[in-house]
Every structure is written in structure tokens, then in C-alpha cells.
Student: 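Encoded as C-alpha cells, here's the structure I'll be asking about.
Just so you know, ligand 1 is whichever comes first in the structure, and atom 1 is the first atom listed for that ligand. The first residue in the sequence is number 1, and the count goes up from there.
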Amino acid sequence: MKNRYDDILRECNQEILSLCPYNPFLFTIGAHEIKKLYKKGNLVLDLGSGEGDSALPILKNTDASVHLLDISSEMIEISKKNLRAYKARTKFICEDAYDYLTDAPAYNIIFEAWTIHNFKQADKVKMIRAIYENLKPGGAFVVLDKVYPPTGKKELLDRQNDRYTRYTKPRLAKAIIAHEIEDASDAYRMDEKPFMKFLKEAGFTSVEIVDRIERDVVLIARK
Ligand SMILES: C[S@@+](CC[C@H](N)C(=O)[O-])C[C@H]1O[C@@H](n2cnc3c(N)ncnc32)[C@H](O)[C@@H]1O
């Protein structure tokens with residue numbers, strides 16, 4: 001599935017993260033939720049692991065073994081350096097997330113942070129079905145992502161794009177704003193109610209948003 005978070009967005013990932021209101025708060029909340037779900041010996045998969053910012057709080061807060069998967073070799077190399085203190089508990093996989101899931105071991109917890117919103121709607125459906133299939137019974141899918149609330153979508157998008165305009169160089173602002181506008185289009189946007197409904201239809205028995213900052217949520221779906 002196409003990687004839309006490449007080139008200047010990948011190169012400026014830390015600058016983008018520094019302007020996202022969910023960072024570091026929702027990373028911390030996600031790790032605490034995973035700590036509650038985690039049982040000794042559980043295997044955790046981070047889909048679209050980037051530079052390791054999403055996996056680091058999990059590694060700090062649990063003794064879980066974490067598989068970090070990303071399609072970008074550049075991201076994988078940076079995350080290996082950033083997480084070198086956890087070498088014994090990390091495995092790095094450079095592959096497309098969907099291809100990996102078609103022939104992967106079963107996991108107790110599959111985690112994604114700001115990756116799934118990058119896929120077109122039909123690809124999201126395929127990806128979430130594959131995630132469900134790759135979870136052990138009783139397992140959990142933990143979503144940290146941009147899931148728009150029922151009202152105020154345009155205001156929230158404009159507020160975030162205004163931050164990029166004010167505080168990043170024009171070349172980066174242009175690229176990340178174009179990406180955000182595409183993310184908010186019908187072809188990509190994740191809306192709270194339909195997304196939760198779809199997760200239930202896919203087989204998850206309980207689906208709960210445990211926290212939200214502006215457009216971003218921590219959501220737990222139990223198999
Ligand atoms: C916005 S970044 C999020 C990184 C990290 N999870 C975080 O929260 O900091 C999205 C990541 O998804 C990766 N990605 C995009 N398409 C992918 C695909 N088809 N399979 C696996 N990873 C993909 C990108 O390379 C990028 O590292």
C-alpha cells in the first residue's frame with residue numbers, strides 16, 4: 001500500500017511531530033493502555049513504526065517484545081538507533097504492512113500510530129480485516145490516529161494547518177498542508193462513528209475511544 005509519508009515529510013518528521021498537540025501525551029496514554037492489556041510473554045506489533053516514537057513508551061512501560069514494522073528503510077534505520085537500548089526486545093521489519101500481515105505470526109497486541117489514516121478507504125478495510133485475522137483470541141488492536149469527531153472537522157483541520165503555516169518553512173508547510181487536506185478528504189478521512197461501527201462489523205467485540213486531543217484519539221478494539 002502506497003507510502004504517503006515519504007520525502008520531505010519523512011525528513012522533517014520530528015519537526016512535524018513537535019507541532020502536533022497529541023505529542024507526547026497520546027503516546028503516553030497509548031503505552032499506559034497497552035501496559036494494562038499486556039500479559040507476560042505477549043508479543044506486540046507496531047505497524048508503521050517510523051522513527052520509534054510510538055514504540056518507545058511501550059518499551060519503557062512494559063517488558064514486552066515489540067516487532068517494529070515500517071515500509072521505509074530510512075525510518076527503520078533511525079528507529080534502530082533510537083531504540084538501541086532495547087535491542088534484546090525489539091525486532092525490525094522493513095516491509096509493506098499488508099504484505100507482512102498476509103503471512104505473519106499471531107500477535108496479542110497490534111498497535112498503529114498515525115499510519116492507517118494514510119491508506120485509501122478500501123485499503124483500510126483490507127488492512128483492518130488482516131489485523132483482526134492476525135490477532136490471537138482476546139487480543140487487542142490499539143489505534144492512535146487521526147479520527148475526526150462528529151462536529152468541527154474544518155475548524156480542527158484549519159487550526160492544525162495554521163500551526164504549520166506559522167511555524168515551519170514554506171516548503172514543509174506546503175507539503176504537510178497538502179497531505180493534511182488529502183487526509184481530510186472523503187477518500188481518506190476517518191470519522192469517529194463510521195470507523196467504530198466498521199471495527200465492530202469486522203468482528204471486534206468492544207471498541208472504545210479512551211482519550212482524544214483535537215482530531216487524534218487512543219482507541220482500543222478487543223477481539
Ligand atoms: C506518520 S508516520 C508515523 C510513525 C510512528 N508510528 C509515529 O507515530 O511516530 C507513518 C509511518 O507509516 C509508514 N508507512 C507508510 N505506508 C506504509 C506501508 N504501506 N506499510 C508500512 N509502513 C508504512 C511510513 O513510512 C511512516 O513511518
Side-chain angles (χ1 to χ4, degrees), residues 1-31 33-34 44-60 66-83 90-104 107 109-131 134 141-147 160 164 168 172 175-180 182-184 187-190 211 213-219:
M1 291 177 185
K2 185 174 157 48
N3 180 7
R4 296 172 53 243
Y5 198 80
D6 207 356
D7 305 316
I8 188 172
L9 302 186
R10 170 176 50 73
E11 286 157 22
C12 299
N13 180 46
Q14 290 304 320
E15 191 176 345
I16 293 167
L17 270 182
S18 73
L19 289 173
C20 289
Y22 63 75
N23 175 31
F25 179 69
L26 291 187
F27 285 124
T28 309
I29 298 297
E33 289 293 334
I34 287 177
V44 179
L45 172 64
D46 180 1
L47 281 177
S49 46
E51 296 180 283
D53 298 271
S54 39
L56 180 61
I58 302 168
L59 289 161
K60 272 187 184 163
V66 180
H67 290 181
L68 293 100
L69 177 141
D70 204 286
I71 199 167
S72 157
S73 55
E74 291 93 341
M75 288 297 207
I76 289 286
E77 284 316 307
I78 296 169
S79 65
K80 275 186 189 167
K81 285 195 192 107
N82 289 344
L83 302 178
T90 46
K91 180 181 167 190
F92 296 88
I93 304 156
C94 188
E95 199 176 338
D96 172 77
Y98 183 73
D99 289 349
Y100 177 72
L101 287 173
T102 55
D103 188 23
Y107 288 88
I109 298 170
I110 299 182
F111 169 68
E112 77 89 12
W114 291 278
T115 297
I116 278 184
H117 75 261
N118 284 294
F119 304 132
K120 284 204 160 155
Q121 306 298 17
D123 285 344
K124 277 192 199 91
V125 169
K126 278 168 64 180
M127 181 73 81
I128 288 166
R129 291 199 174 125
I131 288 168
N134 281 270
F141 176 36
V142 179
V143 177
L144 274 61
D145 217 322
K146 194 156 43 185
V147 178
Q160 184 58 27
Y164 298 130
T168 64
L172 174 57
I176 186 65
I177 289 170
H179 180 87
E180 288 278 6
E182 194 168 56
D183 284 350
Y188 290 93
R189 192 183 63 255
M190 291 157 82
D211 217 325
I213 301 286
E214 296 188 6
R215 302 169 302 165
D216 300 296
V217 301
V218 176
L219 178 152

Student: Could you list which atoms of ligand 1 come closer than 4.0 Å to a heavy atom of Phe27?
Tutor: 8 (O), 9 (O)
Student: If we set the cut-off at 4.0 Å for heavy atoms, which region of Glu95 has an atom near ligand 1: side chain, backbone, both, or neither?
Tutor: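 Under 4.0 Å from ligand 1, Glu95 contributes backbone atoms alone.
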Student: Please state which protein non-hydrogen atom is closest to atom 4 (C) of ligand 1 and give its distance, to 0.1 Å?
Tutor: Gly48 O, 3.4 Å
Student: Tell me the contacting part of Leu69 for ligand 1: side chain, backbone, both, or neither, using a 4.0 Å heavy-atom threshold, strictly below.
Tutor: side chain
Student: Would a line drawn from the ring center of Tyr22 to the ring center of Trp114 be shorter than 6.0 Å?
Tutor: yes
Student: Restricting to non-hydrogen atoms, name the atom on Leu47 and the atom on Leu101 that form the minimum distance, rounded to 0.1 Å.
Tutor: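 For Leu47 and Leu101, the tightest heavy-atom pair comes out as CD1-CD1, 4.1 Å.
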Student: In terms of atom number and element, which parts of ligand 1 are under 4.0 angstrom from non-hydrogen atoms of Met75?
Tutor: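 So the answer, numbered in order with elements, is 27 (O).
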Student: Work out which heavy atom in Ser79 is nearest to a heavy atom in Gly52; give both atom names and the distance.
Tutor: CB-N, 3.8 Å
Student: Give me the residue, atom name and distance of the protein heavy atom closest to atom 3 (C) of ligand 1.
Tutor: Ala113 O, 3.4 Å
Student: Show me which atoms of ligand 1 lie under 4.0 Å from any heavy atom of Ser54.
Tutor: 5 (C), 6 (N), 7 (C), 8 (O)
Student: Which part of Phe119 is near ligand 1, with near meaning a heavy atom under 4.0 Å away: side chain, backbone, both or neither?
Tutor: side chain
Student: List the residues meeting salt bridge (Lys or Arg N to Asp or Glu O under 4.0 Å) with Glu33, not counting sequence neighbours, and say none if there are none.
Tutor: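 Expected list: Lys36.
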Student: Among Val66, Leu68, Leu56, which residue meets the side chain to side chain contact (heavy atoms under 4.5 Å, CB included) test with Ser49?
Tutor: Leu68
Student: Checking a contact table here: which protein heavy atom is nearest atom 15 (C) of ligand 1, and how many Å away?
Tutor: Asn3 OD1, 3.1 Å
Student: Provide the closest heavy-atom pair for Lys124 versus His117 in the form atom of the first, atom of the second, distance.
Tutor: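 Scanning both residues, the minimum pair turns out to be CE-CA, 3.8 Å.
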Student: Between atom NZ of Lys2 and atom CZ of Phe119, what is the distance when rounded to the nearest 0.5 Å?
Tutor: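 It is 11.5 Å, given to the nearest 0.5 Å.
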Student: Give me the residue, atom name and distance of the protein heavy atom closest to atom 25 (O) of ligand 1.
Tutor: Asp70 OD1, 2.6 Å
Student: Numbering the atoms of ligand 1 from 1, which are under 4.0 Å from a heavy atom of Trp114?
Tutor: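 Listed by number with element: 1 (C), 2 (S), 3 (C), 8 (O), 10 (C).
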Student: Taking Val147 as the fixed residue, which of Val217, Val218, Asp216, Ile116 is the one that meets the side chain to side chain contact (heavy atoms under 4.5 Å, CB included) rule?
Tutor: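 Exactly one candidate clears the test, Val217.
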Student: Where do Cys94 and Ser72 come nearest, in terms of heavy atoms and distance?
Tutor: SG-C, 3.9 Å
Student: Please identify which atoms of ligand 1 are closer than 4.0 Å to at least one heavy atom of Thr115.
Tutor: 10 (C), 11 (C), 12 (O)
Student: So if I count the atoms of ligand 1 from 1 in the order they appear, which ones are less than 4.0 Å from some heavy atom of Asp96?
Tutor: 18 (C), 19 (N), 20 (N)
Student: Could you list the residues that satisfy salt bridge (Lys or Arg N to Asp or Glu O under 4.0 Å) with Glu182, not counting sequence neighbours?
Tutor: Arg4
Student: Among protein heavy atoms, which sits nearest to atom 20 (N) of ligand 1, and what does the distance come to when rounded to 0.1 Å?
Tutor: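 The protein heavy atom lying closest is Ala97 N, 2.9 Å.
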Student: For ligand 1, is Glu112 a contact, meaning one of its heavy atoms is under 4.0 Å away?
Tutor: no
Student: Show me which atoms of ligand 1 lie under 4.0 Å from any heavy atom of Asp53.
Tutor: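 Contacts of ligand 1 toward Asp53, numbered from 1: 9 (O).
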Student: Is it the side chain, the backbone, both or neither of Ile71 that has a heavy atom closer than 4.0 Å to ligand 1?
Tutor: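 Under 4.0 Å from ligand 1, Ile71 contributes backbone and side-chain atoms.
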Student: I'd like to know if the side chain of Gln160 pairs up with that of Glu180 as donor and acceptor (distance under 3.5 Å, no hydrogens or angles considered).
Tutor: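 No, no side-chain donor-acceptor contact under 3.5 Å.
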Student: For Tyr5, take its heavy atoms, then give the atoms of ligand 1 lying under 4.0 Å from any of them.
Tutor: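 By the 4.0 Å cutoff, the relevant atoms are 1 (C), 2 (S).
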